[in-house]
Number of protein chains: 2
Amino acid sequence: MRDFSRSLPMSLLRAREAVMRQFRPSLREHGLTEQQWRILRALAAIEAVEVTELARTAFLLGPSLSRILRDLEARNLIERKTAKADQRRSMVSISKEGVKLMASVAPNSEAIYAEITRRFGARKLAELQDMLGALEQSLAELGSAEEASAEE
Amino acid sequence: MRDFSRSLPMSLLRAREAVMRQFRPSLREHGLTEQQWRILRALAAIEAVEVTELARTAFLLGPSLSRILRDLEARNLIERKTAKADQRRSMVSISKEGVKLMASVAPNSEAIYAEITRRFGARKLAELQDMLGALEQSLAELGSAEEASAEE
DNA sequence: CGCATTCACTTAACATGTTAAGTATCTCCC
DNA sequence: GGGAGATACTTAACATGTTAAGTGAATGCG
């Protein structure tokens with residue numbers, strides 16, 4: 001069997017960890033996890049979104065998002081109100097405090113990103129992102145590959 | 001601020017998820033998580049390893065590994081014995097049952113990997129892996145970037 | 001030797017990942 | 001208009017990620 005440490009999943013995992021290791025300390029100082037930061041960033045770009053749409057944008061599963069939103073709301077970093085037209089949906093938006101927190105984290109975050117870009121090379125970075133996108137595309141139609149064996 | 005869905009961490013996350021989504025159902029049928037599978041694969045390649053070394057190979061943090069080893073041992077998929085020379089260290093190895101389980105999972109797993117390779121292209125895959133390795137290298141010296149602000 | 005320090009893990013505590021089940025609301029169609 | 005089915009979440013339960021603290025065994029050095 002192929003040396004698994006050279007497998008694609010491991011390469012992706014290690015690469016991502018190498019990148020995230022740069023950001024985590026800074027986020028941590030502001031009391032934010034990587035996922036909470038993703039949510040705030042996603043919210044900063046728009047007026048308000050439904051939870052399901054936010055899950056897609058921040059690439060989080062529903063249950064994770066539910067928990068995190070509950071916590072972020074308790075910390076007054078976001079706001080929620082149920083949609084008028086459909087009581088099932090709730091519209092989420094970033095609060096004034098949330099915006100303030102983002103403003104205090106963003107410069108450092110940008111600096112780190114810039115340093116990563118500098119080290120790896122802007123061109124190579126763009127190329128890498130293209131390939132990652134292409135990989136995603138290649139596997140998109142495959143879905144979740146349930147053809148393994150017979151299940152219910 | 002840059003559209004975060006196009007950031008490097010998100011690209012890496014989505015790409016990895018697209019890949020892992022292919023494998024998870026198959027592993028799940030055999031009662032294995034992705035991490036448990038990584039450990040078995042790492043163990044299959046050698047006689048026995050220390051826990052710390054295994055953590056490095058399987059790219060897991062100590063605490064996660066501790067828990068998983070406890071569970072895998074309870075399921076008789078691995079074996080442990082403390083090293084003679086140093087009572088602190090314990091040597092971990094895969095059991096006969098573990099080998100058998102691997103044999104039942106591996107074919108499917110290989111087939112999935114082959115399909116991914118086919119779809120994305122073997123050459124592009126190799127290229128991507130090279131870039132991921134290079135990215136890791138670029139950030140290796142950076143360590144964990146504690147220069148954000150003053151902490152102990 | 002003796003004991004402070006280091007080392008190899010393990011536990012603890014809290015946050016998220018993942019799947020399944022639950023709840024309230026809405027839609028559609030008879 | 002009313003009930004079956006779909007939708008938009010939320011809760012539950014268990015596994016892992018992540019940092020800090022704990023434990024027992026080795027090491028170094030005065």
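Naming: A, B, ... by sequence-line order, numbering from 1 per chain.
Distance, R21(B) CZ to dT19(C) P: 10 Å, rounded to whole Å. As a whole-Å value, the separation of R70(A) CZ from dC9(D) P is 16 Å. When the P atom of dA15(C) is taken as reference, atom CG of L27(A) falls 15 Å away, rounded to whole Å. In this structure, the CZ atom of R28(B) is 13 Å from the P atom of dC14(D), given to the nearest Å. Across the protein-nucleic acid pair, L72(A) atom CG and dA15(C) atom P stand 11 Å apart, rounded to whole Å. Atom CD of E50(B) is separated from atom C1' of dA26(D) by 13 Å (rounded to the nearest Å). For M91(B) and dA8(C), the CE to C1' distance is 13 Å, given to the nearest whole Å. Straight-line distance from the CD1 atom of I39(B) to the P atom of dA15(D): 13 Å, rounded to whole Å.
Side-chain atoms of L54(A) and V51(A), non-hydrogen and from C-beta on, never get closer than 4.5 Å to each other. Residues R24(A) and E29(A) have side chains not in contact (no heavy-atom distance under 4.5 Å, counting atoms from C-beta outward).
Set against dT18(D), dT16(D), dT11(D), the side chain of T33(B) has dT16(D) as its closest nucleotide. Closest contact between the side chain of R88(B) and the listed nucleotides dT6(C), dT16(D), dA6(D) involves dT6(C). Listed candidates were dT16(D), dA26(D), dT18(C). Nearest to the side chain of Q35(B) is dT16(D). The side chain of R89(A) has dT7(D) as its nearest neighbour among dT7(D), dC9(C), dT11(D).
OP1 and OP2 of dA8(C) both lie 4.0 Å or more from every side-chain N or O belonging to T52(B). Between S64(A) and the phosphate of dT16(C), there is no side-chain N or O to OP1/OP2 separation shorter than 4.0 Å. Considering only side-chain N and O atoms, R24(A) lies under 4.0 angstrom from the phosphate OP1 or OP2 of dT18(D). Not one side-chain nitrogen or oxygen of Q87(A) sits closer than 4.0 Å to the OP1 or OP2 atom of dT7(D). For the OP1/OP2 pair of dA13(D) and a distance below 4.0 Å, the side-chain nitrogens and oxygens of R67(A) include no atom meeting the criterion.
Separating the CD atom in Q129(A) from the CZ atom in R6(B) is a distance of 10.0 Å, to the nearest 0.5 Å.
By the 4.0 Å N-to-carboxylate-O rule, R118(B) lies close enough to E115(B) to be salt-bridged with it. The existence of a salt bridge linking R14(A) and E17(A) is excluded, since no basic side-chain nitrogen approaches an acidic carboxylate oxygen closer than 4.0 Å. A salt bridge links R56(A) with E53(A): the distance from a Lys NZ or Arg NE/NH1/NH2 to an Asp or Glu carboxylate oxygen falls below 4.0 Å.
When each of D86(B) and Q36(B) is assigned the nucleotide of DNA chain D with its nearest heavy atom, Q36(B) is the one assigned upstream, toward the 5' end. Position along DNA chain D of the nearest nucleotide to E17(A) versus V51(A) favours V51(A) as the more 5'-ward residue. Take the nearest nucleotide of DNA chain C for K84(A) and for R38(A): the residue whose nucleotide is more 5' is R38(A).
Nucleic acid contact class of L65(A) (heavy atoms, under 4.0 Å, all strands): none.
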